[in-house]
Undergrad: 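To start, I am sharing the structure in question, which I have written as C-alpha cells.
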Amino acid sequence: MSREYLPKEEAIFQAVMELFEEGADLNSLTVAEITGRAGIGKGTAYEYFSDKEEMIVKALFYNGEKFIQHIYEGMSREKNLSDKIDFVLLTMEQQASKTHCIFHLLHMLSDNSMISRRIKELLDKKSLSGETLGVDIIGRILHDEFPDEAALSPDKTVYLVMSVYSKILCFGMLLNDGIYKQAVDKDTMRIMVRQGICREIEEIFSLSLA
C-alpha cells in the first residue's frame with residue numbers, strides 16, 4: 001500500500017466496494033449514496049476527497065492493492081514456484097469479487113468516462129513512482145525463485161513479467177466472465193495455467209541467448 005488511510009477514508013472505500021458488489025453502476029453512483037452507506041456526512045467526505053470520482057477511483061485502487069498484498073503475503077509462505085503460482089490462482093478464484101474489482105478497473109480504462117480519465121491519471125502517478133498494479137507481484141515471484149540477480153538477464157525478466165502477467169490476466173478474465181458456469185472445469189484450467197507458467201519460467205531461465 002502506498003500510504004495509510006484514515007478510518008473515514010476507509011469507510012468510503014468500503015462503501016464504494018459494497019455498492020459495486022451489489023451491482024451498482026459506478027458511473028452513476030452519487031456522493032449521497034456513497035456517504036449514506038459509509039455512515040458519514042457529505043460535508044465530512046469532502047474533507048478527504050475532492051469529488052465523487054476521486055472516491056470511486058481511490059476505492060478501486062485501495063481494494064485492488066490490498067487484495068494483491070494479501071496474495072503476496074500468502075504466496076510468500078509457499079515453498080516452491082508451483083505452489084506460489086497455485087496460491088495466486090486459487091485465491092483469485094476463491095475471492096472472485098475482489099478479482100472482479102481489479103478487472104473492472106482495467107476494463108474501465110477502455111471507456112471515456114470521467115472515472116476512466118481519473119483512473120488513467122492515478123495510474124500515471126503510480127507509474128512515475130515505480131508502482132504498477134498487479135505487476136510487482138510477478139517481479140517478486142521471480143526474485144524469490146531467482147534471488148541471484150545474475151540468474152536472469154533484464155531481457156528475460158521483462159519477457160517473463162509480460163508473459164506471466166498475460167496468463168494471470170486471461171485467467172482472471174475467465175473468472176470475471178463466468179465461463180466456468182459452462183463446460184470448462186475450473187480445477188483443470190487452473191492446473192494448466194499453473195503448469196504453463198512454471199514451464200515457461202523454467203525454459204526461459206535455461207535459455208541461452210545468442
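When a residue number appears, it is its place in the shown sequence, counting from 1. What you see is a predicted model; the values in this text were computed from it and never measured.
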Undergrad: At what distance, to the nearest 0.5 angstrom, does NZ of Lys58 lie from OG of Ser50?
TA: 7.5 Å
Undergrad: Judged by atom type as modelled, is there a donor-acceptor pair below 3.5 Å linking the side chain of Lys52 to the main-chain atoms of Asn27?
TA: yes
Undergrad: Rounded to the nearest 0.5 Å, how far apart are CD1 of Ile68 and NE2 of His70?
TA: 12.0 Å
Undergrad: Looking at every heavy atom in both Ser28 and Glu33, which two are closest together, and how far apart are they?
TA: O-OE1, 4.0 Å
Undergrad: Report the C-alpha separation of Asp51 and Met114 in whole Å, then their side-chain angles, then the decisive distance to 0.1 Å, and conclude whether the side-chain contact (heavy atoms from CB on, under 4.5 Å) test is met.
TA: CA-CA 11 Å; Asp51 51 33; Met114 177 62 74; over 6 Å; no
Undergrad: Side-chain heavy atoms nearer than 4.5 Å, only ILVMFWY residues, links allowed to pass through others: does that put Val158 and Leu169 together?
TA: no
Undergrad: Ser163 side chain to Tyr159 main-chain N or O, any donor-acceptor pair under 3.5 Å?
TA: no
Undergrad: Go through it in stages, so that I can follow the logic: the residues are Leu142 and Ile201, the test is side-chain contact (heavy atoms from CB on, under 4.5 Å), and I'd like the CA-CA distance, side-chain angles, deciding distance and then a yes or no.
TA: CA-CA 9 Å; Leu142 296 177; Ile201 289 176; 4.1 Å; yes
Undergrad: Atom CG in Leu60, atom CZ in Phe20: separation rounded to 0.5 Å?
TA: 7.0 Å
Undergrad: Arg37 and Glu22: side-chain contact (heavy atoms from CB on, under 4.5 Å), yes or no, with the steps?
TA: CA-CA 12 Å; Arg37 177 61 63 93; Glu22 291 169 9; 2.9 Å; yes
Undergrad: With a 4.5 Å heavy-atom cut-off, do Thr35 and Thr44 have their side chains touching?
TA: no
Undergrad: Just how far is it from atom CD1 of Ile71 to atom CD of Glu73, taken to the nearest 0.5 Å?
TA: 11.0 Å
Undergrad: What are the two closest non-hydrogen atoms of Ala45 and Ile12, and how far apart are they?
TA: CB-CD1, 4.3 Å
Undergrad: Are the side chains of Leu26 and Leu19 in touch, meaning some heavy atoms are under 4.5 Å apart?
TA: no
Undergrad: Identify the heavy atoms of Glu93 and Phe171 that sit nearest to each other, and give their distance.
TA: OE1-CZ, 3.9 Å
Undergrad: Atom CG in Leu81, atom CE in Met75: separation rounded to 0.5 Å?
TA: 9.5 Å
Undergrad: Please walk me through it: do Met17 and Tyr62 pass side-chain contact (heavy atoms from CB on, under 4.5 Å)?
TA: CA-CA 10 Å; Met17 293 314 302; Tyr62 172 83; over 6 Å; no
Undergrad: If Ile, Leu, Val, Met, Phe, Trp and Tyr residues are connected whenever their side-chain heavy atoms lie under 4.5 Å apart, and connections chain through other members, are Tyr46 and Leu29 in the same group?
TA: yes
Undergrad: Do Gln14 and Glu10 pair up side chain to side chain, a donor and an acceptor below 3.5 Å, judged on atom types alone?
TA: no
Undergrad: State the CZ-NZ distance between Arg194 and Lys167, to the nearest 0.5 angstrom.
TA: 14.5 Å
Undergrad: Are Arg199 and Glu202 ion-paired here, with the side-chain N under 4.0 Å from a carboxylate O?
TA: no
Undergrad: Does one hydrophobic cluster hold both Val88 and Ile191, with members joined at side-chain heavy-atom distances below 4.5 Å?
TA: no
Undergrad: Please determine whether residues Ile197 and Met162 belong to a single hydrophobic cluster, defined as Ile, Leu, Val, Met, Phe, Trp and Tyr linked transitively by side-chain heavy-atom distances below 4.5 Å.
TA: no
Undergrad: If you look at every heavy atom in Lys8 and Ile40, which pair is closest and at what distance?
TA: O-CD1, 4.2 Å
Undergrad: Once you measure the plane-to-plane angle for Phe13 and Phe49, does it fall in the parallel (<30°), tilted (30-60°) or perpendicular (>60°) bin?
TA: perpendicular
Undergrad: Please report the shortest heavy-atom distance between Ala15 and Ala38, naming the atom on each side.
TA: CB-N, 3.7 Å
Undergrad: Starting from Leu90, can I reach Met92 by hopping between I/L/V/M/F/W/Y residues whose side chains sit under 4.5 Å apart?
TA: no
Undergrad: Of all the heavy-atom pairs spanning Ile138 and Leu160, show the shortest one and how long it is.
TA: CG2-O, 4.4 Å
